[in-house]
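Chain A is the first sequence line, chain B the second, and so forth, proteins listed ahead of strands; every chain is numbered from 1.
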Amino acid sequence: MDKFTTLTGIAAPMPLVNIDTDMIIPKVFLKSIQRSGFGKNLFDEMRYNRDGTEIEDFVLNKPQYRSTEILIAGDNFGCGSSREHAPWAIADFGIKCVVSTSFADIFFNNCFKNGILPVVLPQEQVDILMADAEKGENARMTVDLAAQEITTSDGEVIKFDVDPHRKHCLLEGLDDIGQTMQKKASIDAFEAQASAARPWV
Amino acid sequence: MSPKTLYDKIWDAHVAHEAEDGTCLLYIDRHLVHEVTSPQAFEGLRMAGRKVHAPEKTIAVPDHNVPTTAGREDPAQMTEESRIQVDALDKNAKEFGVHYYPVSDVRQGIVHIVGPEQGWTLPGMTVVCGDSHTATHGAFGALAHGIGTSEVEHVLATQTLIQKKSKNMKVEITGKLKPGVTAKDITLAVIGETGTAGGTGYVIEYCGEAIRDLSMEGRMTVCNMAIEGGARAGLIAPDETTFEYCKGRPHAPKGAAWEQALEYWKTLFTDEGAHFDKVVTLKGEDIQPVVTWGTSPEDVLPITGVVPNPEDFEGGKVDAARRSIEYMGLTPGQKLDSIEIDTVFIGSCTNGRIEDLRAVADIVKGKKIAVNRAMIVPGSGLVRAQAEEEGLAEIFTEAGFEWRLAGCSMCLAMNPDQLSEHERCAATSNRNFEGRQGYKGRTHLVSPAMAAAAALTGKLTDVRELS
C-alpha cells in the first residue's frame, strides 16, 4: 500500500448527504476481477449522460476540479454496500482524502486499506472546508496526517482525530496481513482453546 | 463480574489478540464468500503464495450475477464479465478447497439464505462475508457483518479480522404487531426513526415482545437491514425459536455435541443491568405497513401517508429530499397509495425465504396481477423446491407471476433482471438507491404482503384494505 504522509491538492465540494456506494460506483462496474481501472467510472451516473458524454455541471467535470485530490462531502458518505470497488474507484481517480461529518462504517474501514484518509469533522468545520473548496482550483488544501491537521487555502488550520493504529499503518503504508501473520502464535493458541470450548464450531 | 450485553459476550469469546490501544484480532468462525467481492482477494493470496487458513470454515456460493431464468447453465445467458466472475469463484473454490455450492447445486442461493439453511450459521458465532447484508445472520445471536475485499483476503489468510469494538445499541419493539404488519415493517420503521446513520458505530441488539414473537425468517429480515440503519451488525438473542430452526440442519451439531452447544447457547443473552450506549424503543402496535418514497431507506412512511415536502426537512436533507422526489417522479402531497406500479419484485436476502413466499401466496391465491410484470425469485434452490412442494409456485404462476430460480436478481440488478428507465417497482429488497435496480429505475421498498397487494391492484396499496 502507498504511504500517506502529507498531501497538498485541490479540494472539491460534494455537499449532498447520504452519498451511497451505488452512486460512488454503480454495480454495473463491479464485474471486474481487478482492483484497478475504476476511476473513470467514479460517480458514473452523476458524471456521465447515458451516451457517455459528460454532465457539465457535475463537480468533477468542471475544469477547476478535474484533478481533485480531496473531497469535502455531505453527511453519511459511503453508506450502503461493502464493495471495496468504491474506495478503489476513489483512489484510482486520484482522490486520497475524503472529509465528512460521518462515514458509513464499512466504507470508512475500506478507505484505510487503500491508502485513503477519511476525516470526520464537526459540521462547522466541514462547512469551512466546503466553503473553501467552492473556490475551485484556488482551493488547494494541505492534509498533514502526522500533525493531524488540514490547512485551508486561507491558512486556517483545522485539527482532526484519527485512530493511532490506522494512522501508523497509513504513514508507513503497512500491509495488514503481514502484520497479523506475525501474531500467528496468538491465533493458534486461540484456535486450540476455542476448539476445546466450542468443538461444534 | 459486571453485566454484559450479548454483543460483549460474543466479542469477548472471539478476541484472539488485543493490542494496547484496544485494536483486536477477532477470530472468525464462518466466512461466506460470493463471486463479486472475492476474486481480488483470492488473487492476492495467490500472488503472496498464501493459503486459506481454515477452508473448512469457508463457504462459497455464486449469487449476485447468476441468471434466474430456466436453462441458466447455458453460458450465453450471462454477459462475459459475469461469466468470468462466476468462473473465477468456481476455480478459486476448487483450488483453495473451500466448501462450495455451484449454480448447478439445488442448495445454491443467496449466500445469506444458504448459510442459515445449511446450518453453517449458529448462535454465538462470528460470521463475515464481503457483503453488507451479512447482518442477516445476527438473527441467530451470531455477530455477523459485512467486510471489504481487503478484509476478505485478511480473513482468508488468517481467519481473523482487525477490529475495534463497536458501541452497544438497543432497539426494543414492545407489545404485539397489528394484523398486516410484518418484520419488514419493523425494520423499515426503525430506520425511519433513527435514519441511515443512526446506527453508525454501533452493534444493534433487537429485543422486546414483538421481536420474540417473530419466526427465524422474520428475525433475519429485521437483522438484514441493520446495515441500512448504519449499524454493521444486528443481533437477536437466541431462544427456543432459534434452537428449533437450527436442529437437524446439515452442519448443525448432532447428539452430545448438540447438547453441549445448546448449553452454551442458553448463556447468550444480555445480562440484567448491562449498559447500552443508545436505546430506541418503538411500540409494536404503533407500527403500520410502510413504504419508501425516496432514494434512501430512511425515506419511509406509513402507506396511509403522503409524499413529503422537501422544505419540511432540515439541513442537507432538504436538497437530498428534493433530488429524491424528482428522481422518483413524485409530487409532494401525493397520496402514497395512489402511486402506480409497473413491476413487482419479490425476493432477496431480506425477503426471499419460505415464509415470505407463503405470505405472498395467501394474498394472491386465485387472483390475477395488475402490473406489467411481477417476479418471484426464491432465495435458494431449497426454498424454491419447498414452495413447489407446498403448491405455492402454482398459485404464483396462475396469478401471473414469473417463478424464477434462486439468486440476488433484481435486488441489485447485476444479472439480467433489471428495471428500465423510469420503470417503477414495488420491491421486497433492501435498497432504494438511485439506479440500484437498473439505470433510472424507481424502487419502493415494501414487505412481501405489501408487494403482493401492489401486484394485484397495480399501485402501492394498504394490504389491510384488500378484501
Side-chain angles (χ1 to χ4, degrees), chain A residues 15-18 20-23 26-28 30-35 44-46 50 74-76 79-88 102-110 112-114 123 163-166 176-181 183-184 186-187 189-191 194 197-201, chain B residues 16-17 19 21 23 25 27 29 36-37 39-40 43 48 50 65 79 81-82 84-85 88 122 124-125 130-132 146-151 153-154 157-160 162 164 196-197 200-201 230 232 253 257-258 260-261 264 296 315-317 319-320 323 412-414 431 433-436 439:
Chain A
L16 190 65
V17 300
N18 296 336
D20 59 63
T21 49
D22 282 72
M23 286 180 180
K27 76 260 161 181
V28 60
L30 304 191
K31 296 190 177 185
S32 166
I33 58 171
Q34 314 293 326
R35 284 178 197 253
D44 195 86
E45 291 180 6
M46 303 164 99
R50 201 60 165 154
D75 190 52
N76 198 27
C79 60
S81 96
S82 62
R83 62 185 68 159
E84 199 158 319
H85 311 68
W88 291 338
S102 79
F103 292 89
D105 284 341
I106 302 176
F107 174 82
F108 186 75
N109 216 25
N110 283 340
F112 287 101
K113 314 287 183 195
N114 293 283
Q123 188 70 56
D163 176 85
H165 174 73
R166 286 172 155 161
D176 280 346
I177 296 178
Q179 290 191 82
T180 298
M181 286 194 145
K183 303 191 183 93
K184 189 174 182 301
S186 297
I187 299 171
F190 177 88
E191 278 185 326
R198 298 188 295 276
W200 62 86
V201 172
Chain B
H17 181 273
D21 71 347
T23 304
L25 282 182
Y27 192 81
D29 294 324
V36 177
T37 56
Q40 295 88 348
E43 187 59 22
R50 289 169 177 149
N65 275 284
T79 63
E81 291 164 309
S82 288
I84 289 170
Q85 276 194 334
L122 296 169
M125 284 182 165
D131 188 282
S132 59
I147 55 177
T149 297
S150 295
E151 291 176 315
E153 187 178 339
H154 192 277
T158 70
Q159 206 58 26
T160 65
I162 300 171
K164 272 201 171 169
T196 50
T200 302
R232 268 192 142 187
W258 170 262
Q260 189 187 359
Y264 173 68
S296 166
K317 190 66 193 171
D319 282 341
R323 183 184 168 98
L412 86 167
M414 274 191 79
R431 287 195 182 130
F433 295 161
E434 289 180 19
R436 172 79 178 182
Y439 181 75

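- No donor-acceptor pair closer than 3.5 Å links the side chain of A:N76 to the backbone N or O of A:V17.
- Proximity to chain A (any heavy atom under 4.5 Å) is restricted, for B:T160, to the side chain, taken from C-beta onward.
- Here the shortest heavy-atom pairing between A:S32 and A:Q34 reads OG-N, 2.9 Å.
- Looking at B:I147, only its backbone comes within 4.5 Å of chain A, counting heavy atoms on both sides.
- For B:T23, the part sitting under 4.5 Å from any heavy atom of chain A is the side chain, from C-beta outward, and nothing else.
- For chain A, the option among B:A261, B:G316, B:P253, B:A320 with the highest count of heavy-atom pairs below 4.5 Å is B:A261.
- Most heavy-atom pairs under 4.5 Å with chain A: of the set B:L122, B:L25, B:T79, B:T37, this distinction falls to B:L25.
- Heavy-atom pairs under 4.5 Å with chain B peak, among A:P199, A:A194, A:G178, at A:P199.
- Heavy atoms closer than 4.5 Å to chain A are found in both the backbone and the side chain of B:Q260.
- For B:A413, the parts lying near chain A are the backbone and the side chain together; criterion is any non-hydrogen pair under 4.5 Å.
- The most heavy-atom pairs under 4.5 Å with chain B, out of A:F103, A:W88, A:F107, come from A:W88.
- For a residue to count as touching a neighbouring chain, one of its non-hydrogen atoms must lie under 4.5 Å from one of that chain's; by this rule B:S296 touches chain A with the side chain only.
- With a threshold of 4.5 angstrom between heavy atoms, A:A197 approaches chain B through N, CA, C or O but not through any side-chain atom.
- Between A:K31 and B:S82 there is a side-chain heavy-atom pair separated by less than 4.5 Å.
- Of the atoms belonging to A:R35, heavy atoms from both backbone and side chain fall under 4.5 Å from chain B.
- The candidate from A:C79, A:G80, A:G74 with the greatest count of non-hydrogen atom pairs under 4.5 Å with chain B is A:G80.
- Contacts of B:M125 with chain A are made by side-chain atoms alone, with heavy-atom separations under 4.5 Å and no backbone atom involved.
- Highest contact tally toward chain A, considering only B:I84, B:N65, B:T196, is held by B:T196 [criterion: heavy-atom pairs under 4.5 Å].
- With a 4.5 Å cut-off on non-hydrogen atoms, A:L30 touches chain B through its backbone and its side chain both.
- In terms of heavy-atom pairs under 4.5 Å with chain B, the best-connected choice from A:Q123, A:K27, A:R83 is A:K27.
- Of the two parts of B:R431, only the side chain, counted from C-beta on, holds a non-hydrogen atom closer than 4.5 Å to a non-hydrogen atom of chain A.
- Interface remark: A:N18 contributes side-chain atoms only to the contact with chain B (heavy atom separation under 4.5 Å).
- Residue contact with chain B, scored on non-hydrogen atoms closer than 4.5 Å, is absent for A:R166.
- A donor-acceptor pair shorter than 3.5 Å can be found between the side chains of B:Y27 and A:E191.
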